[in-house]
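Accompanying notes for the structure given below.
To find a chain, count down the sequence lines: A is the first, B the second, and so on, and within it residues start at 1.
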2 protein chains.
Amino acid sequence: MQKRIPVSPDSTRCSTCMLSEICLPLGMARNDISRLDELIKERIRLPKGTALFHRGDKTEAVYGIRSGSIKTQLEDASGQVQITGFLLPGEILGMDGLVDNTHVSHAIALEDSEVCVIRLDEMDRLAMQLPVLQQQLRRLMSKEINRSHLLVMSLGALRSEQRLAAFLLNLSHRLSALGYSPYEFVLRMSREEIGNYLGLTLETVSRLFSRFAREGVIKIHQREVHILDMQALRTLAGSDCA
Amino acid sequence: MQKRIPVSPDSTRCSTCMLSEICLPLGMARNDISRLDELIKERIRLPKGTALFHRGDKTEAVYGIRSGSIKTQLEDASGQVQITGFLLPGEILGMDGLVDNTHVSHAIALEDSEVCVIRLDEMDRLAMQLPVLQQQLRRLMSKEINRSHLLVMSLGALRSEQRLAAFLLNLSHRLSALGYSPYEFVLRMSREEIGNYLGLTLETVSRLFSRFAREGVIKIHQREVHILDMQALRTLAGSDCA
DNA sequence: CGATCAATTGAGCCGTCTCAATTTGGGTGG
DNA sequence: CCACCCAAATTGAGACGGCTCAATTGATCG
């Protein structure tokens, strides 16, 4: 299920990775980044639908997404699920499992994906010589806290159309940072998953997409999205009166 | 407004603090904890209603609450507010401001409060000699991520009565860990603040409190809460069918 | 002791959910 | 290659939960 791949001398490393502008190396000095090559010793290939980790698994590493996309979700005693994030290349996951070194969420690939394994023991070892690495992890964790707080804001303070518009803008923005078009992209998740993430039903999501399309803000066919009027989408996302 | 108080030789320190079972020292060895005394050099006294920090302030420290209680809230461009947490003694705040070393949220005292200042530069310095401290911060940040994810779950997946019941249980649990009664406590925040936090209106919160009281689950008078039937409250919080 | 703010309670409305029927698309095996 | 099947998405009708607006009561604090 999980195919672990050693990083061979000729494969891409942090120092040569295109994602270094987004991922762990962000903002680090060139020769500090080359030290990261010691850190990432393997990758894991995840076919669509498979789990990187489940709740209860021992946390031995955090993971940087190299390609594909992954959802993280909580599951309570009664089986109720809440998706807490859709992660894209360059983003780090697994940082919610560092309290007792046990994962509390599930991470599942939305499409065939590959992640870089950042082992915690290696991390601690290397951080002794490279203090900037600790600060880097601290930044990434802080970012994750902020991401989650923004989702709280979305769920707690926005109406449904604002949530969905903000969701599209957020995706557009992150994909654009990866070098893709901010105007055209493919949703890797179902209506049901979007609804779960945004605290809405799948029907509401579908209706809103249809409405946005009817109003000429987007064009949507199945999972292919075209943003036709970015400004209108921003207006939908922001408060009406602003 | 902010009264900074140097920690004098005779005042309480981490090594003698009652909160060491909850706060930064949690799980650390006795003589590692005594090293923390070097870390906390001052405290800040916050009268009710005053801010510990605002969005945009430079993040020079994180803070451990010594007494009182503090709310943290986001505020978007249009002035829309979302409360992201109500923090109690022994809990750490400010960890969302470590991305660009600038706070993104506001922290406001719900009552007269006092916090211990954990300066980041001191932290980094000490962590060189005391690697366990880095892991400690990592755990605390992971805990904050989890806290936020649980709020997401509450907002995204629970109905209003479940949210409010879960809120009361959570408070009860945390107060109990501080040595207070899990059955009787005083809410430090208004109905409006509870509503904002839980994604409800203040009227809905008030009505639900009244209903819980009518059903004999709690007794509530203004901000004084008595939990009469803890199990019933758990049932209200959990899924009905479970 | 009045002024002010917080909390309660009610009535009516609106948005989102639920339940259900239909359409569309993708994948699979004959 | 086509027909079939199943999952995903769309769309509609009706119900209900939580919101809005409004009035009243109850605390708190000069």
Could you tell me the separation between the [atom1] atom of [X] and the [atom2] atom of [N], rounded to a whole number of Å?
X        : N      : atom1 : atom2 : answer
A/Ile194 : D/dT10 : CD1   : P     : 9 Å
A/Asn196 : D/dA8  : CG    : C1'   : 16 Å
B/Glu192 : D/dG18 : CD    : P     : 19 Å
B/Leu187 : C/dT8  : CG    : P     : 10 Å
A/Arg214 : D/dA9  : CZ    : C1'   : 15 Å
A/Leu202 : D/dT10 : CG    : C1'   : 10 Å
A/Met189 : D/dA9  : CE    : C1'   : 16 Å
B/Leu164 : C/dT8  : CG    : C1'   : 15 Å

Atom of A/Met95, atom of B/Ile145 and distance for their closest heavy-atom approach: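 Nearest pair, atom of A/Met95 first, then B/Ile145: O-CD1, 3.8 Å.
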Is any side-chain N or O of [X] closer than 4.0 Å to OP1 or OP2 of [N]?
X        : N      : answer
A/Arg191 : D/dT10 : yes
A/Arg223 : D/dA9  : yes
A/Ser210 : D/dT11 : yes

Residues which pass side-chain contact (heavy atoms from CB on, under 4.5 Å) with B/Leu151, listed by chain and number, not counting sequence neighbours: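 A/Val152, B/Leu155, B/Tyr197.
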Euclidean distance, A/His103 NE2 relative to A/Thr72 OG1, rounded to 0.5 Å: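 NE2 of A/His103 is found 11.5 Å from OG1 of A/Thr72.
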From NZ (B/Lys143) to CG (A/Leu98), nearest 0.5 Å: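 One finds 13.5 Å between NZ of B/Lys143 and CG of A/Leu98.
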Test side-chain hydrogen bond (donor to acceptor under 3.5 Å, both in side chains) applied to A/Glu114 - qualifying residues, sequence neighbours left out: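 With sequence neighbours excluded, A/Glu114 shows a side-chain hydrogen bond (donor to acceptor under 3.5 Å, both in side chains) to A/Arg45, given in chain and number order.
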Residues in side-chain hydrogen bond (donor to acceptor under 3.5 Å, both in side chains) contact with A/Arg214, at least two apart in sequence or another chain: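 With neighbours one apart ignored, the set is empty.
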Protein-to-nucleotide contact annotation, 5' to 3' order, nucleotides 25-30 of chain D [B base; S sugar-phosphate only; - none; under 4.0 Å, heavy atom]: --S---
Contacts under 3.5 Å, N or O only, protein and nucleotides 15-22 of chain C:
residue: C/dT16; atom: OP1; partner: A/Ser160; partner atom: N; Å: 3.2
residue: C/dT16; atom: OP1; partner: A/Ser160; partner atom: OG; Å: 3.2
residue: C/dT16; atom: OP2; partner: A/Ser160; partner atom: OG; Å: 2.8
residue: C/dC17; atom: OP1; partner: A/Thr201; partner atom: N; Å: 3.4
residue: C/dC17; atom: OP2; partner: A/Thr201; partner atom: N; Å: 3.3
residue: C/dC17; atom: OP2; partner: A/Thr201; partner atom: OG1; Å: 3.0
residue: C/dC17; atom: OP2; partner: A/Thr204; partner atom: OG1; Å: 2.3
residue: C/dT18; atom: O4; partner: A/Arg207; partner atom: NH2; Å: 3.0
residue: C/dC19; atom: N4; partner: A/Glu203; partner atom: OE2; Å: 3.0

Other residues, nucleotides, ligands: >12 heavy atoms within 6.0 Å of B/Glu203 CD: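 Check passes, neighbour count above 12.
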Side-chain donor or acceptor of B/Gln162 paired with backbone N/O of B/Arg159 under 3.5 Å: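 Yes; judged by distance alone, with no hydrogens or angles, the pair exists.
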For residues 167-178 of chain B, dump all side-chain donor-acceptor pairs below 3.5 Å to protein atoms at least two apart in sequence or in another chain.
residue: B/Asn170; atom: OD1; partner: B/Arg174; partner atom: NH1; Å: 2.8
residue: B/Ser172; atom: OG; partner: B/Pro182; partner atom: O; Å: 2.8
residue: B/Arg174; atom: NE; partner: B/Glu91; partner atom: OE2; Å: 3.0
residue: B/Arg174; atom: NH2; partner: B/Phe86; partner atom: O; Å: 2.5
residue: B/Arg174; atom: NH2; partner: B/Glu91; partner atom: OE1; Å: 2.9

